[in-house]
Amino acid sequence: MGPMLYLVGMATSRKHSANKSTIEAAGTAVAKRSISERALGQPDPGHDTGYLDELNVEQRAAVEALDGPVLVLAGAGTGKTRVLTTRIAHILSTGRARPYEILAVTFTNKAAREMKQRVGQLIGGAVEGMTWLGTFHAICVKVLRRHAELVDLKSGFTILDTDDQIRLLKQLIAAENLDPKRWPARQFAGLIDSWKNRGLRPDQVPAGEAASFANGRGKELYSAYQTRLKELNAADFGDLLLESLRLFQQNPDVLAIYQKRFRYMLVDEYQDTNVAQYLWLRLLAQGSANVACVGDDDQSIYGWRGAEVDNILRFEKDFPGARVFRVEQNYRSSGHILAAASGLIAHNRGRLGKSLFTAIGDGERVGVESHWDDEAEARAIAERIEELRAAGHALNEIAILVRASFQMRAFEDRFVTLGLPYRVIGGPRFYERAEIRDATAYFEITLNPANDLKFERIANTPKRGLGQASLQKIQRHAKARGIPIYFAAREIIETDELGPRQRRTLADLIATFERWRALIDDLPHTELAELILDESGLTAMWQRDKSPQAHSRLENLKELVRFMEAFESLAGFMEHVSLVMSAESESDGDRVSLMTLHAAKGLEFDTVFLPGWEEGLFPHQRALDESGLAGLEEERRLAYVGLTRARRRAQVCFAQNRRVHALWQSAIASRFVDELPEDHVEVVEGPGGGGGGNFGGYATSRFANAGHGFGGSHHTPGWQRAQRHQKSAKTGGPRSSPTIEGELVAAGDVSSTRFGAGERVVHQKFGEGTIVEVDGNKLLIAFDGGSNKRVVASFVQPAGSA
DNA sequence: TTGTTACTATTTTTT
DNA sequence: ATAGTAACAA
């Protein structure tokens, strides 16, 4: 069905007659396109603009509109980054600006890196001159370091990470004699963050909101927090933006410098900007007004952390004379997938409207399938993956996108038992891991003893008998003398304030730091780092640790030192650490990717599995409760993002029963499932097609629709239902028999293993255990953690073999 | 000061 | 269920 150029998606927006014309325009685009494309295909005489030939008409128009405000609405897979990078190349090659006169902002370091690299491909070494290409935060830091004194900071200010922030807030809450249980620091951190996202300083917070925390003392507390930050010469992430905004607002002369400097401005993912970023940008754009924002309102999925879709919807009003370009040819997905995604997103009301089309052809329809529960779901998907692999598909081209990270467990369990290589994307970032934070805290104090929060972090890590009692004494002394804790500690060891034992350990610690500090200039920084890791006892601490992750933590520490080699000095490295909170390294091997939908934005795969499309989970109940219709629409955009990640195959599924927390709940299909346009969907119906051998019970756990599921086929005993009613069950089936039918796969590789029953082994995820039974290449292991699992032999190692 | 037990919250996540 | 945290006891 369908013409070569497949047209999909209706621009659905109540407003703008413009959208109507979009539909019509899209209708005629097929014919017009090829003609105008040919017409424009001729190289523009005069300039060396070969890079423009790579673009289609729409992209090219967006690139060539250099003057004045421009909004580029670039749908999923339409070459958004290409437009941005080519635009930069165009500005440079037409001599409109020098590299350092272009401001290009992204949200993530990854995006910044990619942009830099791709601009480099277009224009060569000149990218190095693009000093103002980076994340909002990185650019703000750069500005703030130059003018720190104007916002009550010193140029060497430190950037607080989340841990530091929480620790500080805890202290403040305690100082105000508030019940830390009733007023958790975490929650307050979130509140402050949301204020900062909206560009609100303490005096600007609406009274009602400020009163909502700490018995109405929220505002005072926020204010106290800011004061404390200045005392510590520190800024949190929100401050980077907020303070540079204040800098511009309160110092017109400084603002003028940057307005003049940035002749051209480009913003990536504009739909993700928050109010503070918007205000910041608008101030700067009042200079040259050559601001180009690229984004897709349909992919705005970060509303919950302050992003304002409104920014993109309002663009034409905010930037008078703005021109809007739509880039609508999708180069990623085949027809049915794109059509399904477009049909789904058409249910949203507040959107600018786009009609994506693809020339790739119809391809496969989007599969819709239901399963009995989350385990059956994982089993079925893993099975499909095995099939794809057997058919020659690379695992790297397969992804499973979930709504919430707890869903990953079922898949991980399944993959581990099958021995299917997978990788989890997202999760705790490298620099957020405890061992890395501890290590960097030691580095930081060596460089900068005045960093109180870091000192507090490691004073008793590893445990050295300096508990909170001692720490409090030091803190009190520091406060009384008005000096940083480190120096207070150095003074207090001269007194009898502490017990003799604590006094000695503290003196030791301080002396060690002094010794390290003396070595900064004499020792290569990586060697110093290794020395610090050893002498601090951190290495020993993890070597002693018997938990299954201890080994990987040690690996991480080694990785950290390796990572440092890329920097010139310890100080250079530390500056980097505070801003670049990611260091992905493991991209090796052919693996299935497992991640949240949020983490998937910007990625693409041949095959995408979208499990868990159930009411309450997706759309998530909380999104609905907290944000109503807006929340629902954001969830729908998330579904849209998920579908549009797929190039050739997308498989949606939902479970009829899902364990939420501890108890089983019956689930109903997500409304999004029924919003998919029927013509582009392939429903896997009923148990009829099953009968896959002896394991029919699992192979046939596919029902057309939940709700009507006559789930009681031969292999679905009543215990599930029983479970639902009497949620007492201690040994729910899943736990005690995790992998009854592990035989389904891995049958090809039954070579005996080097293991025997009774041997001690280590598993990366489950820790140590004893082999109970050997069955081909699969081992039944009683893990010390108390669980019995069946695991493929290649996933374990003999215990004790480092 | 450290280790134990009780209690609670549990979407998404960058900088 | 479970993990992370906070109060409590040794």
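Note on naming: letters A, B, ... go to the chains in the order of the sequence lines (proteins, then strands), and numbering restarts at 1 for each one. The model shown is predicted, which means the values in this text are computed figures rather than measured ones.
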S.K.: With a 4.0 Å limit, can you tell me whether A/R305 has a side-chain N or O closer than that to the phosphate oxygens OP1/OP2 of B/dT13?
M.R.: no

S.K.: I want to check one thing: is the phosphate of B/dT13, taken as OP1 and OP2, less than 4.0 Å away from some side-chain N or O of A/T596?
M.R.: yes

S.K.: Round to the nearest Å and state the distance from A/Q472 atom CD to B/dT1 atom P.
M.R.: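 From A/Q472 CD to B/dT1 P: 9 Å.
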
S.K.: Quick one: A/R659 CZ to C/dT2 C1', roughly how many Å, whole number?
M.R.: 12 Å

S.K.: Quick one: on DNA chain B, does A/L471 or A/A623 contact a more 5' nucleotide (nearest heavy atom)?
M.R.: A/L471

S.K.: Taking the ring centre of each residue, are A/F411 and A/Y422 less than 6.0 Å apart?
M.R.: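 Ring centroids of A/F411 and A/Y422 are no less than 6.0 Å from each other.
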
S.K.: Is a side-chain N or O of A/S670 found less than 3.5 angstrom from the main chain of A/F618, in a donor-acceptor match?
M.R.: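 Looks like yes, one N/O pair under 3.5 Å.
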
S.K.: With a non-hydrogen cut-off below 4.0 angstrom, is A/E626 in contact with a base, only sugar-phosphate, or nothing?
M.R.: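 Base contact.
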
S.K.: Salt-bridge test for A/R637 and A/E634: reply yes if a basic N is under 4.0 Å from a carboxylate O, no otherwise.
M.R.: yes

S.K.: Does the side-chain ring of A/H137 lie flat on the base of B/dT15, meaning centres under 5.5 Å and planes less than 30 degrees apart?
M.R.: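 The base of B/dT15 is not stacked with A/H137 (the test needs centres under 5.5 Å and planes under 30°).
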
S.K.: Which of the following nucleotides, B/dT10, B/dT12, B/dT1, is nearest to the side chain of A/R622?
M.R.: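 Looking only at heavy atoms from C-beta outward on A/R622, the closest nucleotide is B/dT10.
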
S.K.: Salt bridge or not between A/D508 and A/R464? Use side-chain N to carboxylate O under 4.0 Å.
M.R.: no

S.K.: Whole angstroms only, please: what is the CZ-P distance between A/F618 and B/dT12?
M.R.: 13 Å

S.K.: If you measure from the ring centre of A/W304 to the centre of the six-membered ring in the base of B/dT12, is it under 5.5 Å, with the planes under 30° apart?
M.R.: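 It does: the two rings, one from A/W304 and one from B/dT12, meet the stacking criterion.
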
S.K.: A/N274 has an atom CG; how far is it from atom C1' of B/dT15, in whole Å?
M.R.: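 Atom-to-atom, A/N274 to B/dT15, this comes out as 11 Å.
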
S.K.: Can you tell me how far C1' of B/dT11 sits from NE2 of A/H598, to the nearest Å?
M.R.: 8 Å

S.K.: Counting only side-chain heavy atoms from C-beta out, which of B/dT11, B/dT13, B/dT1 sits nearest to A/A599?
M.R.: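 The listed nucleotide nearest to A/A599's side chain is B/dT13.
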
S.K.: With a 4.0 Å cut-off, would you call A/D164 and A/R457 a salt bridge?
M.R.: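 Salt bridge absent between A/D164 and A/R457.
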
S.K.: Between P on B/dT15 and CG on A/D161, what's the gap in Å once rounded to a whole number?
M.R.: 14 Å

S.K.: In plain terms, say whether A/R437 and A/D161 are close enough for a salt bridge, that is, a side-chain N and a carboxylate O under 4.0 Å apart.
M.R.: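 Judged by the 4.0 Å cut-off on N to carboxylate O distance, A/R437 and A/D161 do form a salt bridge.
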
S.K.: Kindly point out which of B/dT11, C/dT2, B/dT1 is positioned nearest to the side chain of A/A469?
M.R.: B/dT1

S.K.: Between atom CD1 in A/I301 and atom C1' in B/dT14, what is the gap in whole Å?
M.R.: 12 Å

S.K.: Determine the interplanar angle of the A/W280 and A/F136 rings, folded into 0 to 90°, and report it as parallel if under 30°, tilted if 30 to 60°, perpendicular if over 60°.
M.R.: perpendicular

S.K.: To the nearest angstrom, how far is A/D272 atom CG from B/dT14 atom P?
M.R.: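 Answer to the nearest Å: 12 Å.
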
S.K.: Between the protein and nucleotides 2-5 of chain B, list the N/O to N/O atom pairs that are separated by less than 3.5 angstrom.
M.R.:
residue: B/dT2; atom: OP1; partner: A/G465; partner atom: N; Å: 3.0
residue: B/dT2; atom: OP2; partner: A/N460; partner atom: ND2; Å: 3.2

S.K.: Which part of the nucleic acid does A/K170 contact within heavy-atom distance under 4.0 Å: base, sugar-phosphate only, or nothing?
M.R.: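 Here A/K170 touches the backbone only, sparing every base.
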
S.K.: Select one nucleotide: of B/dT15, B/dT1, B/dT11, the one nearest the side-chain heavy atoms of A/S405.
M.R.: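 The listed nucleotide nearest to A/S405's side chain is B/dT11.
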
S.K.: Step through it carefully: locate the ring centre of A/H620, locate the ring centre of A/W304, and say whether they are under 6.0 Å apart.
M.R.: no

